[in-house]
Amino acid sequence: MTVPAELPEIPQRELRNEASRVLREVRSGQSYTITVDGSPVADLVPHRHVHRRAAVPRAEVIAAFAGLSDPGPTQRAAEGDELIDDSLYDPYDRAHRRGEFAEGSAE
């Protein structure tokens, strides 16, 4: 990651007024630190094209987990019960967070 002080600064106003030119320069490899009222707020850097796999080959997955031991069906069931939240409420529901819908009460 680059340090903002290493990049040439460009004011937000210039970025707004000259967006096409600035983006052409970024596409060609130039990077900038965007400033607002003289304070750095963001770095504008060229996009990295990272190829992400859509799938992992089965053999690679098996090799990755080969060193793990099988805890057995009883322990798996007990651990699974702790890890799975099968409640029917929406965790983002404001009424639930305020406690208006206590367990066992009719809605």
Are Ile62 and Val56 grouped together when hydrophobic residues (ILVMFWY) are joined by side-chain heavy atoms under 4.5 angstrom apart?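 In one cluster: no.
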
Check for me, please, whether Leu68 and Val61 land in the same ILVMFWY cluster - side-chain distances under 4.5 Å, paths through other members count.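 Yes, Leu68 and Val61 fall within the same hydrophobic cluster.
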
From Leu7, Ile10, Val26, residue fulfilling side chain to side chain contact (heavy atoms under 4.5 Å, CB included) relative to Leu44: Val26

Sorted by chain and number, sequence neighbours left out, side chain to side chain donor-acceptor pair (under 3.5 Å) with Gln30 holds for none

Which atom of Ser31 lies closest to which atom of Pro8, heavy atoms considered: O-CD, 3.4 Å

Please report the closest heavy-atom contact between Ile34 and Gln12, naming both atoms and the distance.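 Minimum heavy-atom separation between Ile34 and Gln12: CG2-CA, 4.2 Å.
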
Point-to-point distance, once rounded to the nearest 0.5 Å, from CD of Glu9 to CG of Asp43: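 Answer for the CD-CG pair, Glu9 versus Asp43, is 10.0 Å.
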
Does Glu14 come within less than 4.0 Å of Arg21, counting only side-chain N to carboxylate O? yes

Is the closest basic N to carboxylate O distance between Glu60 and Arg53 below 4.0 Å? yes

Is it the case that atom CZ in Arg16 sees more than 12 heavy atoms from other parts of the structure closer than 6.0 Å? yes

What ring-ring contact (aromatic ring centres under 6.0 Å, His included) pairs are there with at least one residue in residues 14-44, not counting sequence neighbours? none

